[in-house]
A.B. asks: 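Here's a structure for you.
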Amino acid sequence: MEYSDDHHMRRSLRREIAGTIGLLTDEHDFRAMRRYRSFTFDDHAVYLRQVESLLKTRALQGNHTTVALFDPVEYADFCTERGLDPDLPATRSRFTAELATTGPALPYEGQPLADLVPALVDEAVRQATWEYASTLLARLGSCAFCGEDIGHAAFTRASDLLLRILDAAPPGDRHLVCSVTGTPEALVAVLRAERAADGTTRLDEAEALEFTTVLALGLATRSPGGLVMRTTAPDTPDRVCGWRIRAGTLEPLTAGEVFDAYCTDAPSGDLIPPESDVDYCVPPDLGEEGPAPGHRH
């Protein structure tokens, strides 16, 4: 009887333990890990099937699992910095545990691995974009004229503009894309803003932070770029509008300019047939910016 009680308690405790799996999403990273003798997998497709089977099993047992993107280069640096042997499963487990809080990671919620992998890669791109844009903003330093922190002021202004755009948008779910091309590397950020039944707007905080940071960088550096918003609502055509980022400001695009942007293939310049049930519109009036937000020297 005592053994049975202990066994039941241990099974209950296992359900209380959250786990993290470090996933090698592509063949190149998988081959890089095969140089370690303790990494016993030799086929990437089989490896992925085994990971998916393990995820399903843990879910059926009531265990929560986080899937993190495992980068072999970052792993090697981690081992070097801490003086750890990289050819040990325990070292990989330690690195994976840190990924749950510092690296790109998503919860497993029963979705197929074919859907989870692209989402995890997108999360990694989003995090890298935010880190890069944040670094560039921080490097701008303080204004030589007034001493204000340029990056912080631009972020405040970008936050204000984003709120005004969302407040002025027509009812519906909104999909926003901000691109900045004048920095050393072109940056693109995406934000989904869902309209709840009570009229409030739901945002993913990480997406909103990345989007605002990229917009702030475009404003602060006066880099060329653009911001496009697509609004979707039941029983109405989608509405698409946008702004041009120019000289540190947002300039509304005309309906014709939005149409041209959506119906032209950027790499080739060839025309693309317009989508059906889509209205290309002028953006909503955002009103005048107040005196507080934004550094303008």
Side-chain angles (χ1 to χ4, degrees), residues 22-26 28-29 32 66-78 80-81 95-96 98-106 116-143 148-163 165 175-193 203-229 242-250 266-267 293-295 297:
L23 183 63
L24 297 159
T25 58
D26 62 56
H28 179 269
D29 287 347
T66 297
V67 182
L69 188 67
F70 195 106
D71 186 321
V73 175
E74 292 183 1
Y75 174 64
D77 292 342
F78 170 86
T80 300
E81 291 171 0
F95 175 70
T96 300
E98 292 201 12
L99 286 179
T101 56
T102 62
L106 292 173
L116 180 60
V117 167
L120 188 59
V121 173
D122 287 346
E123 177 68 11
V125 172
R126 181 204 59 74
Q127 182 170 318
T129 299
W130 172 74
E131 291 175 352
Y132 180 66
S134 298
T135 299
L136 293 182
L137 271 181
R139 288 177 180 172
L140 295 177
S142 301
C143 174
E148 186 174 20
D149 186 303
I150 298 173
H152 182 269
F155 187 89
T156 300
R157 183 178 172 219
S159 300
D160 177 71
L161 284 169
L162 176 58
L163 289 175
I165 289 171
H175 184 269
L176 295 92
V177 179
C178 180
S179 59
V180 175
T181 59
T183 52
E185 292 187 25
L187 298 175
V188 178
V190 176
L191 176 63
R192 288 171 287 271
L203 297 174
D204 180 277
E205 291 185 5
E207 279 190 0
L209 178 61
E210 178 207 4
F211 189 93
T212 306
T213 304
V214 171
L215 176 57
L217 184 63
L219 297 173
T221 59
R222 297 176 170 262
S223 298
L227 193 161
V228 176
M229 176 172 64
W243 294 262
R244 179 185 296 107
I245 302 176
R246 175 181 288 176
T249 62
L250 288 183
H295 182 270
H297 293 306

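Worth saying up front: this structure is predicted, and the values here are computed from it rather than measured.
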A.B. asks: Got a second to check how far L250's CG is from R157's CZ, nearest 0.5 Å?
C.D. replies: 7.0 Å

A.B. asks: Output, in order, the C-alpha distance, side-chain angles, deciding distance and verdict of side chain to side chain contact (heavy atoms under 4.5 Å, CB included) for I165 and L227.
C.D. replies: CA-CA 10 Å; I165 289 171; L227 193 161; 3.9 Å; yes

A.B. asks: Contact between V121 and D26 at the side-chain level, heavy atoms closer than 4.5 Å - yes or no?
C.D. replies: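 V121 does not reach D26 side chain to side chain.
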
A.B. asks: When you look at F70 and D29, which way does the side chain to side chain contact (heavy atoms under 4.5 Å, CB included) test go after all the steps?
C.D. replies: CA-CA 8 Å; F70 195 106; D29 287 347; over 6 Å; no

A.B. asks: Take a 6.0 Å sphere around NE2 of H152 and say whether it holds more than 12 heavy atoms from other residues, nucleotides or ligands.
C.D. replies: no

A.B. asks: Would V190 and V177 count as a side chain to side chain contact (heavy atoms under 4.5 Å, CB included) if you check the C-alpha gap in whole Å, the side-chain angles of each, and the deciding distance to 0.1 Å?
C.D. replies: CA-CA 5 Å; V190 176; V177 179; 4.3 Å; yes

A.B. asks: Of all residues at least two apart in sequence or in a different chain, which pass the salt bridge (charged side-chain N to carboxylate O under 4.0 Å, His left out) check with E131?
C.D. replies: none

A.B. asks: Closest approach of E148 and A153, non-hydrogen atoms and distance?
C.D. replies: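 Here E148 and A153 meet closest at OE2-CB, 3.5 Å.
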
A.B. asks: I need the L187 CG to S179 OG distance, nearest 0.5 Å.
C.D. replies: 9.5 Å

A.B. asks: If you take all heavy atoms of S223 and I245, which pair is closest and at what distance?
C.D. replies: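 That closest heavy-atom pairing would be O-CG2, 3.5 Å.
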
A.B. asks: Provide the closest heavy-atom pair for T96 versus G22 in the form atom of the first, atom of the second, distance.
C.D. replies: CG2-N, 3.3 Å

A.B. asks: CG/L217 to CG/L136 distance, rounded to the nearest 0.5 angstrom?
C.D. replies: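 The distance works out to 5.5 Å.
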
A.B. asks: May I ask you to decide if A133's main-chain N or O and E210's side chain share a donor-acceptor pair within less than 3.5 Å?
C.D. replies: no

A.B. asks: So which heavy atom on P104 is nearest to which on L120, and how close?
C.D. replies: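 Looking at all heavy atoms of both residues, the shortest contact is O-CD1, 3.8 Å.
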
A.B. asks: Looking at every heavy atom in both L203 and A208, which two are closest together, and how far apart are they?
C.D. replies: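 Closest approach of L203 to A208, heavy atoms only: CD1-CB, 4.5 Å.
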
A.B. asks: Nearest 0.5 Å please: distance from the CZ atom of F155 over to the OG atom of S134.
C.D. replies: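 Output value for this atom pair is 8.0 Å.
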
A.B. asks: Could I get the full list of salt bridge (charged side-chain N to carboxylate O under 4.0 Å, His left out) partners for R192, not counting sequence neighbours?
C.D. replies: E207

A.B. asks: Measure the spacing between CG of D204 and CG of L209 and express it to the nearest 0.5 Å.
C.D. replies: 10.0 Å

A.B. asks: For a quick test of reading the model, state the closest non-hydrogen atom pair linking L99 to L69 and the distance between them.
C.D. replies: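 Heavy atoms only, the tightest pair is CD1-O, 3.5 Å.
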
A.B. asks: Sub-3.5 Å donor-acceptor pair from the side chain of T212 to the main-chain atoms of A158, do we have one?
C.D. replies: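 Not a single qualifying donor-acceptor pair exists.
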
A.B. asks: Would you find more than 12 non-hydrogen atoms of other residues, nucleotides or ligands less than 6.0 Å from W130 atom CH2?
C.D. replies: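 Count not over threshold, so no.
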
A.B. asks: Any chance you could measure C143, atom SG, to I150, atom CD1, to the nearest 0.5 Å?
C.D. replies: 5.5 Å

